[in-house]
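Everything quoted here is computed from the prediction, not taken from an experiment. Labels below follow one simple rule: chain letters A, B, ... track the order of the sequence lines, proteins then strands, and each chain is numbered from 1.
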Amino acid sequence: MSEQGVTPQSVDFSAWYNDIVVKADLVDNPERTPVRGCMIIKPYGYELWEAIRQGLDKRFKATGHQNAYFPLFIPMSFLQREAEHVEGFAPELAVVTHGGGKELEEPYVVRPTSETIIGDAMSRWIQSYRDLPLLLNQWANVVRWEKRTRPFLRTSEFLWQEGHTAHATYEDAQAETLRMLDIYAEFAIHEAAIPVIKGQKSEQEKFAGALASYTIEAMMGDGRALQAGTSHNLGQNFAKAFNIQYVDESNKLQYCWTTSWGVSTRMIGAIIMAHGDDKGLRLPPRLAPIQVVIVPIYRNDDEKSRVMPVVERLAAELQDAGLRLHVDRRENLSPGFKYNDWEMRGVPVRLEVGPRDVDNNKAALARRDILGKEGKQFVDQAGIVDTVRQLLEDIQASLLRQATEFRDGRLHEVVGDYDRFIDIIRGGEWALTWFSGDAEGEAKIKADAQAVSRCFPLEQPYAGESGPCIVTGQMTDRMAYFAKAY
RNA sequence: CGGGGUAUGGCGCAGUUGGUAGCGCGCUGUGUUUGGGACGCAGAGGUCCUCGGUUCGAGUCCGAGUACCCCGACCA
C-alpha cells in the first residue's frame, strides 16, 4: 500500500510533491534526467501544459494579441543595454561562446526572457502612432541557470508564454498590464480552480527593469505562496534602451511604453499543490487531459463479452459529446489497482461498468474530489452525457470552493503587532498588514520570518485609509501580504 | 558557493573477516484470477560509477577523479 502511494502531505509536503510528479506520470524521475535541473515532461504532463496553453492562448487572441517567435539566442550586448535588467539576470545566464567549431565574436545568451530581442525588433517595426498598440506574444522555452531546482516550480529550462506590447502612452501600457493580470486571474480561478490574489510587487520584488510588477499569488496546500503569473509595466526603460520610438499625431518623436507578462510551466506546480491530496493529483476538469476514465469489470470471457459492448457504447457517447475520455483496457490488472492508478493521475471522473450494471442498465460513477463510497453513485446509462457533464461542473466548482476555504482560513490581518505578524508567517500562514514597502523593512522581515512580501493586493480592504507600517510604525496607505513562498 | 551523504539488474535496497553477486518490486511467458492496490509456476536481466594501487584473489581495503542527492545564501 504505502509502497505504491505517495508520502502523505502531513508527513513531508515536499516529499509528497516529489513523489506525485513522478507517480502521476507528469515528468521523468528528475534524478534520472541526464541534464541537471531540466525536466523531461512526459506525455501526460505535457497534455496538461497543452490545456493550459490553449486556455491562455484563446484569451490572448480574444484580446487582440498575435503570436510570433524570436530567436533562442540573444547577443550579450542586448542584455547589457538595460542596466537593471542585466544586473538582475546576469547570475543565471547560460552563455554560448562557440558555434560551428569557432569562438564567436560576441557571445550569445540563451534567452532568460525576451524583452531585449523583442525590443530591438519593435524599434524597427514601430514608426508611427498608427502602429500602436503592438500586441505580441511568444510561446517558448527559456533558460535561467538555477542552483536548486524542483520539477515545474523552478527548473533551469522551462516553458512559458511571454507577452510583449508597445503603447503610445503610460496609461495605455498600464491598462494593458492590468488587463493581462485580470486575464491570468480569470484563467487561474475559472480553469485551474485556484483562487488567486492580484497584487503589486514591492520595489524589491519587482522584475529587473520594470516600472511596476503585478502578480497573481496562490496558496499551496502547505500554506506557502506561489507566484502563478506576472505582468509588468516596463515604462520607457526598454523603449529608451532599444530606441522604440514613434511619431505622434503632431509629428513629434516619442518613446513607447512597453509591457511584458508571463505564465510558465510553474502553473502546473500550482495545480498540483493547490488541489492534490494523499491519493495523488486532483485535476480541475477544465484542464484535465482525461476527464473521464472508464474501467470495465469482468471475471471471464462471457462477462467481458457482455460488458465491453456497453463500455464501447458509453465511450462513444461521451467522446462524441466532446468529453476527453479514456477506456482502461489493460488486462491482468485488477479494478482496484486501476482505481488507485487513475486517482493518482487526478482524473476527475471514473465510470465503472460491470456485469451487474449491464443487467440493470446502470453504471457506477465515482468522483475524484470525494473519495470512497460517498463519492460513488450508480447512475442510469441513459443520459450519461448530461450526468457526467453535470458532475464535471460540480467537481470544478468543488475544487475551487475547497481551495478558497482552505486559503481564507489562513489569511490574517495584523495591525501593529509585529511579534504576532512574524508568528503567523513562521506558522506557514499569510499575514496582511500595513507596510511602507521600503527595502530595510522588507530585509528585517526577511531576517525575522524567512519571508518577503508577496504583494500589495489591488483590492485593499481599507482603500483610502492609512495605518501604521508593521516595521516602522509610520503611517502608510497600503497593506501587503507576507508569506513564505516557493 | 559553504556543510553532509550516496554510487551494486529498469526501480528500491542487502552484501559478514577480501574467496563463484543476492532480495523485493517491476519486466517476459503461462495458468488461475478481476466490483478498492490478486496469486502460482517458469524465465530474462550485472563494466558492482571511473581510473590507479595493495593482494594468489577486490563489490568489499587504499588513493585520486566524476556524477548525483540532501541541508543553508540568490530566483518566473
Find the partner of rG2(B): check Watson-Crick (N1-N3 plus N6-O4 or O6-N4) and G-U wobble (N1-O2, O6-N3) distances, both under 3.5 Å, and reply none if neither fits.
-> rC71(B)
If you measure from the P atom in rU8(B) to the same atom in rU55(B), how many Å do you get, rounded?
-> 29 Å
So which one's nearest nucleotide on RNA chain B is more toward 5', L159(A) or T149(A)?
-> T149(A)
Gap between atoms CD and C1', on E352(A) and rG35(B) respectively (whole Å) = 7 Å
Regarding R81(A) and the six-membered ring of F78(A), is the cationic atom NZ or CZ under 6.0 Å from the ring centre and inside 45° of its axis?
-> yes
Indicate, with a heavy-atom threshold strictly under 4.0 Å, whether N29(A) touches base, sugar-phosphate, or nothing.
-> nothing
Can you check the R329(A) CZ to rU34(B) C1' distance for me, whole Å?
-> 17 Å
In the strands shown, is rC51(B) matched to any nucleotide by a Watson-Crick or G-U wobble pair with both distances under 3.5 Å, and which?
-> rG63(B)
Is K446(A) touching bases, backbone alone, or none of the nucleic acid, heavy atoms closer than 4.0 Å?
-> sugar-phosphate
When rounded to the nearest Å, what value does the distance between P atoms of rC1(B) and rG15(B) take?
-> 34 Å
Given the P atoms of rA42(B) and rG36(B), what is the spacing between them in whole Å?
-> 31 Å
Any strand, both distances under 3.5 Å, Watson-Crick or G-U wobble: rC41(B) pairs with rG29(B)
Can a salt bridge be assigned to the pair E343(A) and R350(A) using a cut-off of 4.0 Å between side-chain N and carboxylate O?
-> yes
Pair D328(A) + K338(A): basic N to acidic O under 4.0 Å | yes
rU28(B) and rG45(B): how far apart are their C1' atoms, nearest whole angstrom?
-> 10 Å
From rG36(B), rC1(B), rA76(B), pick the nucleotide closest to the side chain of K147(A)?
-> rC1(B)
Hey, are Y17(A) and Q9(A) close enough side-chain-wise for a donor-acceptor pair under 3.5 Å?
-> no
Can you tell me the distance, in whole Å, between the CZ atom of R356(A) and the C1' atom of rG35(B)?
-> 5 Å
Pick the P atom in rG59(B) and in rG52(B), then give their distance to the nearest Å.
-> 14 Å
With sugar-phosphate meaning primed atoms plus P, OP1 and OP2, does T155(A) contact a base, only sugar-phosphate, or nothing at under 4.0 Å between heavy atoms?
-> base
Full working for side-chain hydrogen bond (donor to acceptor under 3.5 Å, both in side chains) between H65(A) and E176(A) = CA-CA 11 Å; H65(A) 302 83; E176(A) 167 77 3; 2.7 Å; yes
Indicate, with a heavy-atom threshold strictly under 4.0 Å, whether E343(A) touches base, sugar-phosphate, or nothing.
-> base
Which one, rG37(B), rA76(B), rG35(B), comes nearest to the side chain of F337(A)?
-> rG37(B)
Touch class at under 4.0 angstrom, heavy-atom based, for G354(A) against every strand present = base
d(OH, Y486(A); P, rC74(B)) in whole Å = 18 Å
Y481(A) six-ring centre to R454(A) NZ/CZ under 6.0 Å and within 45° of normal | no
Please evaluate the base of rG72(B) for a donor-acceptor partner in the side chain of Q450(A) within a cut-off of under 3.5 Å?
-> no
Contact class for A364(A) vs. all strands (heavy atom < 4.0 Å): base, sugar-phosphate, or nothing?
-> base
Near-parallel close stack of F158(A) and rA76(B) base (under 5.5 Å, under 30°) = yes
Side-chain N,O (K373(A)) to OP1/OP2 (rG35(B)) below 4.0 Å = no
What nucleotide among rG37(B), rC74(B), rA76(B) has an atom nearest to a side-chain atom of S334(A)?
-> rG37(B)
What is the distance, rounded to the nearest whole Å, between atom CD of E331(A) and atom P of rG29(B)?
-> 13 Å
Whole-Å distance between rA76(B) P and L226(A) CG?
-> 11 Å
Taking the six-membered ring of F158(A) (Phe, Tyr or Trp), confirm whether the NZ or CZ of R266(A) is under 6.0 Å from its centre and within 45° of its axis.
-> no
Side chain of K279(A) (C-beta onward), nearest among rG35(B), rA76(B), rG36(B) = rG36(B)
The residue among K201(A), Q200(A), Q227(A) that forms side-chain contact (heavy atoms from CB on, under 4.5 Å) with S213(A) is K201(A)
Residue whose nearest RNA chain B nucleotide is more 5′ - E205(A) or G37(A) | G37(A)
Under-3.5 Å donor-acceptor pair between D341(A) side chain and rG37(B) base = no
Provide the distance between the two C1' atoms, one in rC70(B) and one in rU16(B), to the nearest whole Å.
-> 29 Å
Using the C1' atoms only, state how far rG9(B) lies from rG46(B), rounded to an integer number of Å.
-> 5 Å
Can you tell me, in whole Å, how much space there is between the P of rU47(B) and that of rG43(B)?
-> 22 Å
With a non-hydrogen cut-off below 4.0 angstrom, is P355(A) in contact with a base, only sugar-phosphate, or nothing?
-> base
Write down the distance between CZ (R150(A)) and C1' (rC69(B)), rounded to a whole number of angstrom.
-> 13 Å
Selection from rA76(B), rG36(B), rG35(B) that lies nearest to any side-chain heavy atom of R144(A) | rA76(B)
Nucleotide rA76(B), atom P - distance to CD1 of I268(A) in whole Å = 18 Å
Of all the nucleotides listed (rA76(B), rG36(B), rG35(B)), which has the minimum atom distance to the side chain of R350(A)?
-> rG36(B)
If you check the N340(A) side chain, which of rU33(B), rG37(B), rU34(B) turns out closest?
-> rG37(B)
Ignoring backbone atoms, establish whether R148(A) has a side-chain N or O less than 4.0 Å from OP1 or OP2 of rC71(B).
-> yes
Could you check which of rC74(B), rG36(B), rC69(B) has an atom nearest any side-chain atom of Y339(A)?
-> rG36(B)
Looking at rC74(B), rC69(B), rA76(B), which one has an atom nearest to any side-chain atom of T230(A)?
-> rA76(B)
Which is it for R345(A) and D25(A) under the salt bridge (charged side-chain N to carboxylate O under 4.0 Å, His left out) test, yes or no, and what are the steps along the way?
-> CA-CA 7 Å; R345(A) 286 169 163 73; D25(A) 215 27; 3.7 Å; yes
For rG22(B), the Watson-Crick or wobble counterpart (both distances under 3.5 Å) | rC13(B)
